[in-house]
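Have a look at the structure below before the remarks.
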Number of protein chains: 2
Amino acid sequence: MSKATIYDVARAANVSIKTVSRVLNGEPKASPETRARVMEAARTLNYTPSLSARALSGSRSFLIALVSPGGVSDNAMLYVTELQLGAIQACRAGGYHLLTEYVDLGASDFGALTETLVSTLRVDGVILIPPLCDNPQLLSLLADRGVNCVRISPTLDTHGDEKWGWGVDIDNYQAAFQMTRHLMDQGHRDIGFIQGHPLHAAAAQREAGYRDALFDGGAIPERLIQPGMFTFDSALPAARALLGQKQRPTAIFAANDSMAMAVLSVAYRMGIPVPGALSVAGIDDLPAASVVCPPLTTVRQPVVEMGAAAARFIINRTAGQVGNYLKQVFDHSLVVRESTAPPA
Amino acid sequence: MSKATIYDVARAANVSIKTVSRVLNGEPKASPETRARVMEAARTLNYTPSLSARALSGSRSFLIALVSPGGVSDNAMLYVTELQLGAIQACRAGGYHLLTEYVDLGASDFGALTETLVSTLRVDGVILIPPLCDNPQLLSLLADRGVNCVRISPTLDTHGDEKWGWGVDIDNYQAAFQMTRHLMDQGHRDIGFIQGHPLHAAAAQREAGYRDALFDGGAIPERLIQPGMFTFDSALPAARALLGQKQRPTAIFAANDSMAMAVLSVAYRMGIPVPGALSVAGIDDLPAASVVCPPLTTVRQPVVEMGAAAARFIINRTAGQVGNYLKQVFDHSLVVRESTAPPA
DNA sequence: TTGTAAGCGTTATCAT
DNA sequence: ATGATAACGCTTACAA
């Protein structure tokens, strides 16, 4: 009924608690016979070790914190759910558990957050969601305390310094390049672009991919490029500017899905049929992307896998394995749905 | 640099560790003077107590687990993010932390999950997302171990038995009733309805609200009511059935937003203008609801608040306060956007 | 290969 | 009002 302890197992298996500990932690020294006896005892007693006790005594807490920026209401944040799913799966596989914490970017006390993470929780690592993963203050606070950080789609250039943590990302340049080429393959030449948040490196990389793909011999008229902030609302004026031109583009490529949906919305209001008179594309493959009308052509990031890789990195690192790569780049894939078609 | 312990604080304040513990836990017996000295010492030392140590020694772990069903890819699950946000906020306010766990509904070992929650993590409570919150096996496993459960939008009737946990919900009947009336106020009489998952009590309650509002004197032709499962895909055939009728309804009310979006999608493909020739409404106010074309009229649940209330309940419960209410019903609100309008 | 004993940093039980 | 001291359940030296 009440929880079994290591002593109960030791007694049942007729060994010392140390032996139980050894067996359960997979340490080498233990005779197969003893090992079997201990395993058996643990199973029948329904024993699972106490995390608190392990953490208090050992050097690991078996806890990973996923830290997201609070106060973000845009649905761009939705991929966090998938990231979390991947992280949880990896945690389970490694006997770890995932804590979720939010930080308000505005009036936030990164010092207190760090203290909580390090002293109270003693987490074995932290997964940072953008734009937290690019906050130099938070990053250095964590680095000073020796916390393993994994940054999701990191922007801030760490100049190869490992102390700033490890990162997972896709090749944003290639993703945008390929999407632009997809549009061009369909016959589009007048392709508008809505930029992402200027402080986010992914934004610049995506714009570069667009520019390089489109350039291909001729200069790009600046009227085709409009500013955005990665949010739905920020793309509304950009879409209006693009679609209000006398010679309006036959396609618009937004730097992410939230903004592409804004384009869809503006086109809808202006009575411009998509993809009949306008093709629209984004990047991210948000859950909503397949549900809007028409379903959005976009680039899919393996977000679940990225979350799992992030957690795995921390787990391996804590277990002593030293992965010395500073960033892992994942494969993306073009998802062609109905929002893109050859121009009329 | 390295973490301060209660001993460091005791030494700095020139008291015993017990006194430090007392002061920090707000226990009554402590002279104001001593209290001030301890607080001061704790502040300057940047001391935060170790969760592991507290959990190991005391009766609380300061941990709450949010358990979601895994393998759910429908965007209906998106409100979990908001629920989580609320729960985290409440946790922070109470010195708690939120763990997230997933369970695969298919091949899931609820016993192992329970053991992890109870023995390994020793969580102070569990928040259960539908349809987990209605799984009798899991529920009784947790109840047997004395785990505080909070069920989100619970379905399974617990006949007022407190051991099955507490619940948070909205008044689904009223929500559907009001939405139907909104449609009727606009002049609609031929209002189609897409049902929710048959095993989910909210589905039945919403249907009842719809029926009662619409009935109002005359019987409801069964052709107006089509089956659905709360998912986008499940509502596609239902929408087609409704819109394929010679005398098609002038409005469709889907039991949730995911399905309402499916209606939008089918109408789009059939060339039926919304809201010109068809009004569409849902329930939930998913993040995507405001982004689709046209923006969806729906019912908003205070999901963030519900998450916070769930966590708060567990925290208060663990702290000894006995809230003996079995369910808290939150206010919903009609969100009228552009997908509903008077019939032509 | 196995066992003993000493922490880990708290809370809780007694005294004082 | 305050302080020793014993748990709590484990890992980690250090022996045997």
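Note that the coordinates shown come from a computational prediction; the quantities given were computed from them, not determined experimentally. Letters go in sequence order (proteins before strands), and every chain restarts at 1.
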Got [X] and [Y] here, is their nearest side-chain heavy-atom distance under 4.5 Å?
X: B/Y47; Y: B/L24; answer: yes
X: A/R22; Y: A/T34; answer: no
X: A/D169; Y: A/R151; answer: no

### Query
Using a distance-only test with no angle check, is there a side-chain donor-acceptor pair under 3.5 angstrom linking B/D124 and B/Y96?
yes
Would you tell me if any nitrogen or oxygen in the side chain of [X] comes within less than 4.0 Å of OP1 or OP2 on [N]?
X: B/R122; N: D/dG9; value: yes
X: A/T19; N: C/dG3; value: yes
X: B/R22; N: C/dA12; value: no
X: A/S31; N: C/dT1; value: no
X: A/Y7; N: C/dG3; value: no
X: B/T34; N: D/dT2; value: yes
X: A/S16; N: C/dG3; value: yes
X: A/S59; N: D/dT11; value: no

Between [N] ([atom2]) and [X] ([atom1]): distance, integer Å:
X: B/I6; N: D/dA4; atom1: CD1; atom2: P; answer: 13 Å
X: B/I17; N: D/dT5; atom1: CD1; atom2: C1'; answer: 9 Å
X: B/R11; N: D/dT2; atom1: CZ; atom2: P; answer: 19 Å
X: A/R35; N: C/dT1; atom1: CZ; atom2: P; answer: 10 Å
X: B/L45; N: C/dG9; atom1: CG; atom2: C1'; answer: 15 Å
X: A/K18; N: D/dA15; atom1: NZ; atom2: C1'; answer: 13 Å
X: A/L51; N: D/dG9; atom1: CG; atom2: C1'; answer: 12 Å
X: B/L56; N: C/dG9; atom1: CG; atom2: P; answer: 12 Å

### Query
Is the backbone N or O of A/T116 less than 3.5 Å from a side-chain atom of A/S119, with the two atoms forming a donor-acceptor pair by type?
no
So [X], base contact, sugar-phosphate only, or nothing? Heavy-atom distance under 4.0 Å.
X: A/S52; answer: nothing
X: B/R60; answer: nothing
X: A/F62; answer: nothing

### Summary
On DNA chain D, more 5' by nearest nucleotide between A/E27 and B/N14 is B/N14
### Task
Determine, for B/R43 against B/E40, whether the closest basic-nitrogen to carboxylate-oxygen distance falls under 4.0 angstrom.
yes
### Message
Taking atom types as they are modelled, would you say the side chain of A/S57 forms a donor-acceptor pair with the base of D/dG9 within the 3.5 Å cutoff?
### Response
no
